[in-house]
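Below is one structure, written out as structure tokens; the observations come after it.
Proteins get letters first, then strands, A, B, ... in listed order; numbering begins at 1 in each.
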Amino acid sequence: MHLVESETVMATTSRTKKKPASSGQAATELRSYYKRMSLVRAFELRANEMYARAKIGGYCHLNLGEEATVVGLTAALDDRDYLFTTYRDHGYAIMRGMEPSAVMAELFGKSTGVVGGWGGSMHMFDMGKRMLGGYGIVGGQIPPATGAALAINYRSKAGPKAEAVMCLLGDGTTNIGAFHESLNLAGLWNLPIVYVIVNNRLGMGTPVEGASAEPDLYKRGSAYRIEGTRVDGDDPIAVRDAARAALKKAREERRPALLELMSYRLKGHSVVDPARYRSKEDTDEAKGNDPVPAFRAKLIADGVLTEKDADAIDDDADKVVTEAVAFADESPDPSVDELFDKVYASPVANASTRLPAEPAVVLS
Amino acid sequence: MHLVESETVMATTSRTKKKPASSGQAATELRSYYKRMSLVRAFELRANEMYARAKIGGYCHLNLGEEATVVGLTAALDDRDYLFTTYRDHGYAIMRGMEPSAVMAELFGKSTGVVGGWGGSMHMFDMGKRMLGGYGIVGGQIPPATGAALAINYRSKAGPKAEAVMCLLGDGTTNIGAFHESLNLAGLWNLPIVYVIVNNRLGMGTPVEGASAEPDLYKRGSAYRIEGTRVDGDDPIAVRDAARAALKKAREERRPALLELMSYRLKGHSVVDPARYRSKEDTDEAKGNDPVPAFRAKLIADGVLTEKDADAIDDDADKVVTEAVAFADESPDPSVDELFDKVYASPVANASTRLPAEPAVVLS
Amino acid sequence: MTANEPKSRIITYRQALNETLRAELERDENVFLIGEEIGVFQGSYKITAGLLEDFGPKRVLDTPISEEGFVGAAIGSAMLGLRPVVEIMTLNFSLIAIDQIVNHAAKMHAMFGGQVKVPLVIRFPGGGGQQLAATHSQNLEVWYAHIPGLKVLAPSTPAEAKSMLKAAIRDDDPVIFLENLALYNVKGEVPDGEQVAEIGKAAVVKTGTDLTVVSYSRGMVTALQVAEEFEQEGVSIEVVDLRSLRPLDRDTICASVRKTSRAVIFEDDMLSYGIGAEISATIGEGAFDYLDAPVRRVAASEVPLPYSKPLETAAMPHAADLSRVIRETLDATRFKK
Amino acid sequence: MTANEPKSRIITYRQALNETLRAELERDENVFLIGEEIGVFQGSYKITAGLLEDFGPKRVLDTPISEEGFVGAAIGSAMLGLRPVVEIMTLNFSLIAIDQIVNHAAKMHAMFGGQVKVPLVIRFPGGGGQQLAATHSQNLEVWYAHIPGLKVLAPSTPAEAKSMLKAAIRDDDPVIFLENLALYNVKGEVPDGEQVAEIGKAAVVKTGTDLTVVSYSRGMVTALQVAEEFEQEGVSIEVVDLRSLRPLDRDTICASVRKTSRAVIFEDDMLSYGIGAEISATIGEGAFDYLDAPVRRVAASEVPLPYSKPLETAAMPHAADLSRVIRETLDATRFKK
Ligand SMILES: Cc1ncc(C[n+]2csc(CCOP(=O)(O)OP(=O)(O)O)c2C)c(N)n1
Ligand SMILES: Cc1ncc(C[n+]2csc(CCOP(=O)(O)OP(=O)(O)O)c2C)c(N)n1
Ligand SMILES: [Mg+2]
Ligand SMILES: [Mg+2]
């Protein structure tokens with residue numbers, strides 16, 4: 001039953017908005033989307049490899065299988081909008097305009113990384129690009145994202161040029177209290193925010209049906225009078241159009257929205273997870289729905305791309321990523337001298353700058 | 001709109017279940033309900049007075065205006081069921097079978113109180129009566145109540161004689177994360193629990209519409225596929241019948257339920273709150289819906305009670321409460337010697353029994 | 001008033017907070033108040049009384065009962081440059097929001113490479129003694145004091161309430177602002193005009209030569225009273241008000257004990273792993289060669305605080321306890337007047 | 001095996017936990033495991049590997065991502081007599097459940113007049129050093145150690161992991177069971193059969209005469225290694241493993257320092273208001289007349305832990321830091337071999 005419903009919703013969203021592939025402008029756009037999807041794919045595969053080669057430490061969660069979602073959502077955002085994501089954030093960071101080399105450098109923990117090596121994989125951040133993080137605590141990004149929308153209301157009027165916030169979360173994250181409290185505030189205060197559930201069907205190993213009493217997650221908006229829509233997360237156009245429509249409502253009517261993007265996780269939860277708990281059918285279904293080859297094939301079938309164009313695009317992506325790795329490799333580690341520089345934004349008397357072997361009391 | 005809806009629901013619940021006042025057995029029952037409502041009213045008025053006379057300390061929240069809810073809900077519970085309430089718990093404690101004198105003694109902080117003077121107004125508890133507290137942290141009771149239902153599933157089979165849990169919460173409490181997480185668990189795990197929202201229209205001073213993006217609170221069950229029902233909380237029969245129906249489903253089908261009881265708070269949030277923020281209309285509406293005189297009048301009109309019977313019942317209630325106060329007054333304070341007796345259930349080496357002026361280290 | 005002769009008034013700690021919030025709301029339109037029942041209800045302890053009326057719902061924002069949600073929302077608004085002043089009704093309820101405070105507000109500036117500031121103030125009262133029972137009577141300030149990225153202030157007088165709240169609101173980092181239920185009605189002299197405290201500094205509020213008492217927040221009222229009593233007897237007690245629990249001003253504490261060579265800590269929280277533990281450890285490291293007696297701590301008994309008045313009283317530290325321990329410390333060193 | 005000659009095996013800390021959970025599930029049908037991804041996923045650190053398969057979903061219950069909800073549910077089930085063993089993936093996420101742990105589980109027995117028991121174990125690993133960055137690398141055990149009503153255990157070896165987990169599961173109070181990411185693969189000798197540790201007791205795991213090192217959990221591995229190195233040089237170090245952070249065994253700590261007259265604390269958490277603060281304060285009170293030098297603490301730097309390996313390493317305490325501070329402490333007292 002939940003698949004049927006979802007299909008209807010997907011159908012509408014896609015049909016109503018998709019532009020004819022014929023139009024030249026549209027074709028350029030479609031090509032650019034494939035270019036982006038190809039870059040995210042190449043970047044994530046390389047990140048996976050670099051982790052295996054111990055160039056990257058800590059936790060590392062990839063967007064593999066979610067490229068259509070990443071590209072569709074970021075295509076819908078304007079520069080003035082704010083984006084809050086989860087720890088599965090590499091693709092979003094790059095699509096928001098961070099240099100692949102700076103993102104790779106962050107994974108390598110280098111001083112040239114987007115946050116100078118302080119955050120790593122889970123904490124990509126760029127104030128200028130208005131990507132306000134990468135968050136590793138499940139649900140932790142939702143209240144701050146909601147507060148960013150509150151600040152927009154505080155400072156500016158609604159309208160087509162107004163700012164809006166997009167907040168990503170996973171399917172498993174709809175079960176945490178912060179989701180409930182935040183959506184209630186957004187509904188109550190009419191905040192310009194679009195909550196996007198990237199439903200890749202799994203938490204770590206737990207399927208949606210094993211975690212959510214209402215597995216049709218888009219329906220959960222109703223508890224806050226927030227409209228929910230389910231969209232095919234493997235179709236970048238459907239994703240973009242649904243996100244645009246929701247952002248428009250946020251900007252112009254100051255109404256929050258809830259989008260559920262049906263997608264798949266191609267690999268394990270993180271790079272170290274072999275995902276043995278997944279059935280062959282499940283893995284095959286995910287592979288069968290891999291959005292990158294699918295979109296590539298579609299554009300070729302529609303005459304938007306030739307095989308040769310597509311190969312060229314993939315080669316470019318690979319070049320970019322190779323350069324990123326070289327840059328990250330050559331970049332210096334942050335200096336231990338800066339260890340205490342970022343604890344406080346306002347300098348303060350008696351802040352500790354003690355290294356582990358130093359005494360607690362240094363009398364001046 | 002939300003009133004209309006509620007009325008329809010109320011209508012059904014009341015109509016479908018109410019027994020003809022004629023039947024003798026029913027009449028006895030109705031009289032006993034009035035007796036109970038009268039006792040709760042008398043107890044709370046006296047508690048209010050005792051607080052003013054500084055016999056009671058701390059916070060003190062009363063059931064004034066919620067007597068029909070208190071009596072209707074407790075009438076629906078079997079002895080084997082477990083009840084978790086909020087800090088607004090005096091009436092429930094008494095209706096669950098705790099001695100009014102022991103409840104008053106608890107308010108006085110005496111050793112003869114239901115928890116020996118350790119908990120006070122917000123923490124009435126009796127393991128034997130299966131009233132598992134009185135909780136002062138908003139929403140704090142919801143996860144443990146849900147866990148009690150989990151324990152029932154763990155140990156026993158469904159059936160008409162099975163145990164069930166009832167968990168009370170206020171309208172304002174539906175906006176806290178613990179509500180969301182708990183209902184999701186109950187829906188997911190098919191737990192035998194009935195969540196009861198006592199909607200007295202106000203948090204402390206905040207009306208439901210100012211706190212909940214979906215002010216029709218019973219609808220919030222849908223986010224967990226839990227059936228929600230709104231009931232007239234001023235009608236003890238409607239409350240009892242709706243609660244019985246929900247408990248039956250919990251026992252026999254292991255399905256959780258959500259009830260919303262529309263009621264009114266006659267006075268301030270707690271005894272020290274003059275409720276200046278309330279409009280005259282609002283206060284008048286609450287007074288106009290006072291369930292105690294209403295039920296009394298109804299029973300007299302239906303020929304179930306005479307004025308004389310009713311006065312006698314009220315006098316008895318007053319006597320009981322007067323005796324309770326006398327008992328509480330005469331009871332001794334707990335002894336300081338027991339200060340450290342209840343920190344741990346299993347005795348443990350090196351547990352601190354230091355009074356404030358004693359040294360931290362007492363070498364044995 | 002003229003700059004060279006500043007006027008002052010005797011007002012309560014509550015009034016000092018209320019007036020300071022008002023002044024800061026007037027000074028900076030990015031400052032706004034957010035919390036439960038701070039508007040229509042005037043605040044559960046009336047700290048925000050009258051402010052909704054004068055500044056409207058945009059500047060004085062009532063929230064649902066959603067501590068994690070609205071504290072997190074305040075954090076997000078601060079990331080965009082607003083300066084939220086959050087009221088959590090009591091410290092006890094801050095536990096529901098603590099993931100947002102400790103895992104988010106405290107970490108963001110460093111974890112995001114210094115790119116974002118979180119100019120946020122979180123105000124709440126701690127403390128027992130009101131018969132609110134175990135869950136509503138806690139002093140867990142030591143938890144926050146342990147966290148880098150946070151600044152933790154604990155004013156003990158109306159004047160400090162004013163100058164430290166101004167400092168907190170104007171600071172670009174998340175500041176935990178610890179009040180105390182028992183202080184709200186305490187009166188004190190508050191100078192007019194702009195006093196902005198320096199965060200990270202303790203203060204010697206009474207000088208003495210024989211023994212140092214270290215305290216903070218509500219404990220200071222008792223500490224000063226007891227110090228006065230000993231003064232009558234000819235014992236000279238120095239009293240240090242920590243004021244800033246984080247950063248901790250170790251120099252001021254150790255300098256005092258190096259002078260007096262005796263120290264007693266008076267704290268409302270529980271002894272084990274409490275605020276006093278760090279103060280005692282600090283003195284042990286920073287004044288080791290000067291100490292004539294063990295540093296003693298007068299702190300609450302380690303039980304969930306009971307509702308019963310006599311039990312609650314027995315479990316909490318009072319003036320008599322402090323006096324007794326000061327005396328024992330003096331005796332331990334054969335102190336002669 | 002025969003009682004008089006107990007056998008033992010060398011296994012990892014992880015395996016000791018896994019086997020003990022299995023044994024307790026077999027021993028008592030009221031014992032059940034509850035937490036995120038402990039079943040199908042086998043546990044995010046594989047502590048519960050194989051248990052769902054053998055005991056089924058009733059005894060090994062996978063939960064949604066709802067720390068507050070499922071920890072609270074475990075509490076409620078314990079009130080009815082079950083004995084839940086909760087896994088929270090890491091200490092960092094326990095902040096979301098802390099209201100249920102501290103305001104509910106820890107308070108209920110006393111606040112409800114001794115009528116209800118809460119036989120609950122909450123297991124989680126703390127610790128940094130895995131490049132998990134600021135929010136995923138914390139040691140906040142001192143928060144729990146501060147709370148009456150809780151018992152807080154921190155085993156440092158596979159044998160302790162077994163005996164202390166058995167004790168925790170069989171205890172009728174809420175027990176916080178602190179593990180450490182860096183300990184899971186550490187091997188050690190674990191005797192077969194029933195060892196049940198006594199809660200509330202520290203242990204002198206290496207005797208010595210010249211200086212006492214106090215540590216716990218992961219820190220013990222380093223402490224013992226450094227003590228051995230000094231032994232080679234002819235310096236005799238006594239090592240105390242706290243084991244139980246609450247209750248705290250002050251007698252054992254002070255007795256050791258009264259003998260050695262020198263103490264250094266080695267802790268993974270941050271110094272200010274950390275575990276070591278209480279240990280230092282305790283020694284200052286309980287061994288004052290015996291101390292030859294200030295009690296020093298080797299602890300993490302006070303920064304949100306950075307992701308960068310060199311920065312993370314610089315901020316965390318290591319063997320070299322402990323060695324240096326032991327040397328400084330010996331030199332401060334002109335120690336001669
Ligand atoms: C509060 C909290 N609990 C648990 C975790 C561990 N954890 C990290 S990701 C994850 C699964 C999240 O699943 P989902 O929301 O579907 O996002 P996805 O990883 O599938 O993108 C869990 C349990 C965490 N980081 N934070
Ligand atoms: C977590 C938490 N936040 C705030 C409070 C303070 N508080 C006590 S009762 C209350 C209002 C609750 O309103 P509602 O849920 O409608 O219950 P009612 O009092 O109306 O019965 C508040 C905010 C609390 N006790 N716990
Ligand atoms: Mg997922
Ligand atoms: Mg209410």
Side-chain angles (χ1 to χ4, degrees), chain B residues 82 84 106 113-120 123-128 132-137 139-155 165 177-178 180-186 188-189 191 341-346 348-352 359-364, chain D residues 30 32 34 58 61 63-64 66-82 84 96 99-100 103-104 108-119 148-149 151 170-173 198-202 244 247-251 254-255 258 278 281-283 285-287:
Chain B
Y82 294 93
F84 289 74
E106 187 56 40
V114 295
V115 293
W118 276 76
H123 305 113
M124 300 296 167
F125 187 101
D126 188 319
M127 200 72 197
L132 300 195
Y135 292 80
I137 302 288
Q141 73 281 17
I142 311 177
T146 305
L150 175 66
I152 291 171
N153 268 14
Y154 191 96
R155 286 205 284 233
V165 176
H180 176 70
E181 296 190 4
S182 300
L183 268 72
N184 186 58
L185 294 178
L188 189 68
W189 292 338
L191 301 182
D341 296 354
K342 299 185 175 82
V343 180
Y344 295 110
S346 300
V348 59
N350 294 309
S352 170
V361 187
V362 201
L363 292 172
S364 44
Chain D
N30 284 321
F32 73 105
I34 177 170
K58 175 183 162 188
L61 181 53
T63 69
S66 310
E67 281 80 2
E68 186 177 15
F70 70 74
V71 169
I75 293 168
S77 72
M79 294 171 80
L80 263 64
L82 298 186
I96 292 175
D99 169 70
Q100 282 296 321
N103 284 338
H104 294 85
M108 284 177 171
H109 183 66
M111 190 173 72
F112 292 143
Q115 287 188 61
V116 66
K117 296 174 177 180
V118 184
K151 295 169 178 174
R170 297 173 188 199
D171 193 87
D172 279 339
D173 294 301
E198 181 179 3
I199 298 176
K201 294 282 196 170
S244 174
L248 177 63
D249 183 354
R250 292 185 163 91
D251 293 3
C254 293
R258 286 169 163 225
E278 180 56 57
T282 291
I283 294 169
E285 287 174 75

>> For chain B, which candidate among Ala281(D), Gly149(D), Ala255(D), Gly286(D) shows the most heavy-atom pairs at distances under 4.5 Å?
In response: Gly149(D)

> Where does Ile199(D) contact chain B at under 4.5 Å (heavy atoms): side chain, backbone, both or neither?
Replying inline: both

> Can Val115(B) and Met111(D) be said to form a side-chain contact (heavy atoms from CB on, under 4.5 Å), step by step?
Replying inline: CA-CA 7 Å; Val115(B) 293; Met111(D) 190 173 72; over 6 Å; no

>> I need the residue from Tyr82(B), Phe125(B), Trp118(B) with the largest number of non-hydrogen atom pairs under 4.5 Å to chain D.
In response: Phe125(B)

> NZ of Lys117(D): more than 12 outside heavy atoms within 6.0 angstrom?
Replying inline: no

> Rounded to the nearest 0.5 Å, what separation is found between the CE atom of Met127(B) and the CE atom of Met79(D)?
Replying inline: 6.5 Å

>> Ala360(B): which residues meet the side-chain contact (heavy atoms from CB on, under 4.5 Å) condition with it, sequence neighbours left out?
In response: Leu271(C), Arg297(C), Arg250(D), Glu285(D)

> Where do Ser346(B) and Arg170(D) land on the side-chain contact (heavy atoms from CB on, under 4.5 Å) test, with the steps shown first?
Replying inline: CA-CA 10 Å; Ser346(B) 300; Arg170(D) 297 173 188 199; over 6 Å; no

>> So His123(B) and Phe112(D), do their side chains get closer than 4.5 Å, heavy atoms only?
In response: yes

> Between Tyr135(B) and Met108(D), is a side-chain contact (heavy atoms from CB on, under 4.5 Å) present by the stated rule, with each step listed?
Replying inline: CA-CA 10 Å; Tyr135(B) 292 80; Met108(D) 284 177 171; 3.7 Å; yes

> CG of Leu150(B) to CG of Leu82(D): how many Å apart, nearest 0.5 Å?
Replying inline: 7.0 Å

>> As an exercise: rank Val343(B), Thr146(B), Val165(B), Asp341(B) by heavy-atom pairs under 4.5 Å with chain D and give me the winner.
In response: Val343(B)

> Closest heavy-atom contact between Leu185(B) and Phe70(D)?
Replying inline: CD1-N, 3.9 Å

> Do you know the tightest heavy-atom contact between Leu248(D) and Asn350(B)?
Replying inline: O-CB, 3.6 Å

>> Heavy-atom pairs under 4.5 Å with chain D - which of Pro359(B), Ala178(B), Gly116(B) has more of them than the others?
In response: Ala178(B)

> Would you say the side-chain atoms of Asp173(D) pair up with the backbone N or O of Ala345(B), donor to acceptor, closer than 3.5 Å?
Replying inline: yes

> In terms of heavy-atom proximity below 4.5 Å to chain B, should Asp171(D) be classed as side chain, backbone, both, or neither?
Replying inline: both

> Quick one: CD on Glu68(D) to OG on Ser182(B), what's the gap to the nearest 0.5 Å?
Replying inline: 7.5 Å

> Of all heavy-atom pairs between Glu181(B) and Glu67(D), which one has the smallest distance, and what is that distance?
Replying inline: OE1-N, 3.9 Å

> In terms of heavy-atom pairs under 4.5 Å, which option from Ile96(D), Asn103(D), Asp249(D) contacts chain B the most?
Replying inline: Asp249(D)

> Using a cut-off of under 4.5 Å for heavy-atom pairs, which of Ile142(B), Asp126(B), Leu188(B) has the most such pairs with chain D?
Replying inline: Asp126(B)

> Can you check whether Tyr154(B)'s main-chain N or O pairs, donor with acceptor, with Lys58(D)'s side chain at less than 3.5 Å?
Replying inline: yes

> Considering only heavy atoms, which portion of His104(D) lies under 4.5 Å from any heavy atom of chain B: side chain, backbone, both, or neither?
Replying inline: side chain

> Under the 3.5 angstrom rule, does the side chain of Arg155(B) hit a backbone N or O of Asn30(D) as a donor-acceptor pair?
Replying inline: no

>> If I compare all heavy atoms of Pro64(D) with all of Asn184(B), which pair ends up nearest, and what's the gap?
In response: CG-ND2, 3.8 Å

> Mind checking whether Val362(B) and Asp251(D) have side chains closer than 4.5 Å, heavy atoms only?
Replying inline: no

> What part of Gln100(D) lies closer than 4.5 angstrom to a heavy atom of chain B: side chain, backbone, both or neither?
Replying inline: side chain

> Heavy-atom distance under 4.5 Å between the side chains of Trp189(B) and Leu61(D), does that happen here?
Replying inline: yes

> Val114(B) versus chain D, heavy atoms under 4.5 Å apart: side chain, backbone, both or neither?
Replying inline: backbone

>> Ignoring hydrogens, what is the shortest heavy-atom contact between Lys201(D) and Ala349(B)? Give both atom names and the distance.
In response: CE-CB, 4.0 Å

>> To check you understand the geometry: which heavy-atom pair defines the closest contact between Pro143(B) and Gly69(D), and what is its length?
In response: CB-O, 3.8 Å

>> Please classify the contact between Ala148(B) and chain D as side chain, backbone, both or neither, with a heavy-atom cut-off of under 4.5 Å.
In response: both

>> Using heavy-atom distances under 4.5 Å, tell me whether Thr63(D) contacts chain B through its side chain, its backbone, both, or neither.
In response: both

